[in-house]
Amino acid sequence: MDMRVKPNATRAKSVAGKVKPINLALQGGGAHGAFAWGVLDRLIEDERISFEGISATSAGAMNAAVLAYGWTQGGREGAREALAGFWKAVSDAGTRYSPFKAFPGSAQFGDFSLDKSPGYLMMDMATRLLSPYQLNPWNFNPLRDVLEKHVDFAALREHSAIKLFLAATNVETCKVRIFQCSNITADAVLASACLPHLFQAVEIDGEFYWDGGYVGNPAIYPLIYQCESRDVVVVHLNPIVRRGCPRTAAEIMNRLNEVSFNSSLMREMRAIAFVTSLVERGKLSPGEAKQMWVHSIRADEEMVQYGVSSKLNCDWAFLTHLRDRGRVHAEQWLARHFDSIGNESSVDLRGEFL
């Protein structure tokens with residue numbers, strides 16, 4: 001990755017006692033995005049920090065668009081209220097349209113998993129045999145209504161208080177497309193969250209898009225090139241470390257999902273670690289490369305409890321459980337690493353990603 005800085009590039013300055021600007025990188029993960037909701041809710045509360053840019057994918061893209069719109073309209077409290085309203089609407093829509101509701105107790109297992117649900121098993125089998133073009137020929141997506149009711153995309157395109165970079169995968173070219181504030185629509189957000197076995201590809205400007213997690217979950221490079229702040233806080237949803245070798249079919253599919261949706265982030269982190277090493281060894285001057293300070297809010301020990309099926313669980317008790325755990329982990333991160341913002345990475349890049 002080429003992270004050389006153009007001669008006229010500016011650098012963010014962290015001034016003691018003043019608000020510290022950070023960038024956010026939000027992973028996708030379906031209903032697990034409620035964990036990121038909790039993280040964001042706690043970070044928004046902290047008036048010592050502000051958000052310059054957000055790069056996001058899938059559920060992260062939804063969180064990003066809702067947060068940016070809420071913040072633009074009503075500041076910090078507007079952002080918190082917008083996120084809370086959005087996730088409640090997601091839960092309501094999930095309850096209304098869920099294929100599991102015909103099976104009492106389907107989403108009420110102690111571990112919040114749907115793996116044993118008759119509804120989930122039937123849907124899983126159907127999506128392995130039939131495409132969404134056959135299962136859902138009208139291309140109905142309840143998330144569209146939820147998004148359009150909670151975000152005025154025309155207003156967001158006209159003015160956003162936060163820079164947005166939402167990733168989607170071009171089906172035909174395998175390339176990542178980054179939607180920015182000037183061209184963000186409900187379609188762009190849905191493209192970023194389009195799982196190909198559940199939804200038809202989203203067409204935008206004659207191109208077809210699937211979930212951005214395949215090529216950027218999330219993409220870090222827009223934050224390097226287009227934001228002044230050097231600090232990137234990655235909010236992880238997909239466990240990087242899961243001990244033990246999976247042996248059942250469900251365990252194997254679950255781990256494959258985690259590996260595939262972490263791979264692009266791992267590659268970018270390796271590139272950042274490489275450039276950081278060059279800068280620290282004096283091989284590149286500060287004017288030639290932009291050294292990034294990377295931070296991580298990650299809860300592998302929490303998220304390994306939930307299989308891939310729980311990413312479809314929109315039960316309100318599950319979503320608020322994840323929100324509360326996200327708030328706890330954000331609180332712990334602030335207590336341990338706030339002083340690192342603007343000064344250094346709080347993640348050992350080589351130890352974590354090389």
Side-chain angles (χ1 to χ4, degrees), residues 25-36 56-63 90 94 98-100 107 109 111-117 119-132 135 143 167-169 171 174 176 190-199 201 209-219 234-269 296 298-315 318-319 322 325-326 352-353:
L26 307 180
Q27 278 200 323
H32 293 185
F35 176 86
T57 297
S58 198
M62 296 186 184
N63 274 329
V90 168
S98 172
F100 315 123
F109 294 96
D111 62 357
F112 296 106
S113 173
L114 296 172
D115 291 340
K116 300 175 183 178
S117 159
Y120 175 78
L121 293 174
M122 290 181 63
M123 189 185 75
D124 184 57
M125 183 178 297
T127 57
R128 293 172 188 272
L129 298 174
L130 301 171
S131 81
L135 289 172
L143 287 175
T169 303
V171 176
C174 294
V176 63
L190 292 172
S192 183
C194 180
L195 291 172
H197 63 288
L198 293 180
F199 302 109
Y209 296 95
W210 282 340
D211 194 292
Y214 297 111
V215 289
N217 194 23
V234 183
V235 182
H236 298 261
L237 296 183
N238 301 285
I240 294 176
V241 176
R242 181 183 286 272
R243 299 299 179 188
C245 181
R247 297 186 181 278
T248 69
E251 290 172 346
I252 292 170
M253 291 300 296
N254 182 54
R255 190 54 180 158
L256 278 174
N257 180 276
E258 292 170 350
V259 170
S260 62
F261 281 107
N262 274 318
S263 61
S264 58
L265 178 64
M266 298 283 283
R267 287 194 297 271
E268 284 200 271
M269 289 294 105
S296 176
R298 176 175 152 197
D300 284 8
E301 71 284 0
E302 297 267 353
M303 306 311 287
V304 293
Q305 302 175 57
Y306 313 121
V308 65
S309 69
S310 65
K311 293 181 178 181
L312 301 176
N313 187 352
C314 292
D315 181 73
F318 181 49
L319 299 182
L322 289 177
R325 298 311 300 161
E352 294 288 342
F353 300 107

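Reckoned from all heavy atoms, side chains included, excluding hydrogens, waters and symmetry mates.
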Inset, instruction - Give the minimum heavy-atom separation between Ala31 and Phe318, together with the two atoms involved. - result: CB-CE2, 4.5 Å
Inset, instruction - Test side chain to side chain contact (heavy atoms under 4.5 Å, CB included) on Leu312 and Leu198 and set out the steps. - result: CA-CA 11 Å; Leu312 301 176; Leu198 293 180; 4.0 Å; yes
Inset, instruction - May I have the step-by-step check of side chain to side chain contact (heavy atoms under 4.5 Å, CB included) for Gln27 and Asn262, ending in yes or no? - result: CA-CA 9 Å; Gln27 278 200 323; Asn262 274 318; 3.0 Å; yes
Inset, instruction - Using modelled atom types only, decide if a donor and an acceptor are shared between the side chain of Ser192 and the backbone of Gly212 within a distance under 3.5 Å. - result: no
Inset, instruction - Check whether any side-chain N or O of Thr57 sits under 3.5 Å from a backbone N or O of Gly216 as a donor-acceptor pair, and report yes or no. - result: yes
Inset, instruction - Kindly compute the distance separating CH2 (Trp210) from OG (Ser58), expressed to the nearest 0.5 Å. - result: 14.5 Å
Inset, instruction - Provide the closest heavy-atom pair for Asp300 versus Val241 in the form atom of the first, atom of the second, distance. - result: OD2-N, 3.0 Å
Inset, instruction - Calculate, to the nearest 0.5 Å, the distance between atoms CE and OG1 belonging to Met253 and Thr248 respectively. - result: 11.0 Å
Legend entry - Nearest atoms (heavy-atom pairs only) where Ala59 meets Gly30: CB-O, 3.4 Å
Legend entry - side chain to side chain contact (heavy atoms under 4.5 Å, CB included) between Asn217 and Ser264, intermediate numbers included: CA-CA 6 Å; Asn217 194 23; Ser264 58; 3.9 Å; yes
Inset, instruction - With rounding to the nearest 0.5 Å, note down the distance linking NE2 in His236 to NE2 in His32. - result: 16.0 Å
Inset, instruction - To the nearest 0.5 angstrom, please state how far the CZ atom of Arg255 sits from the OG atom of Ser260. - result: 10.0 Å
Inset, instruction - Please list, chain by chain and in numerical order, all residues satisfying ring pair (Phe, Tyr, Trp, His ring centres under 6.0 Å) with Tyr214, sequence neighbours excluded. - result: Phe261
Inset, instruction - To the nearest 0.5 angstrom, please state how far the OH atom of Tyr306 sits from the CG atom of Leu322. - result: 5.5 Å
Legend entry - Test item: Val90 and Leu143 side chains (from C-beta on) under 4.5 Å apart, heavy atoms: yes
Inset, instruction - Please report the closest heavy-atom contact between Ala61 and Ala56, naming both atoms and the distance. - result: N-CB, 3.5 Å
Inset, instruction - Can you see which heavy atom on Arg298 is nearest to which on Ile240, and at what distance? - result: NH2-CB, 3.8 Å
Inset, instruction - Walk me through it: do Arg242 and Glu258 pass the test side chain to side chain contact (heavy atoms under 4.5 Å, CB included)? - result: CA-CA 9 Å; Arg242 181 183 286 272; Glu258 292 170 350; 2.6 Å; yes
Inset, instruction - Quick one: closest heavy-atom pair of Pro132 and His197, and the distance? - result: CD-O, 4.0 Å
Inset, instruction - With rounding to the nearest 0.5 Å, note down the distance linking CG in Asn257 to CG in Asn238. - result: 6.5 Å
Legend entry - Residue from Ile252, Leu256, Asn254 passing side-chain contact (heavy atoms from CB on, under 4.5 Å) with Pro246: Ile252
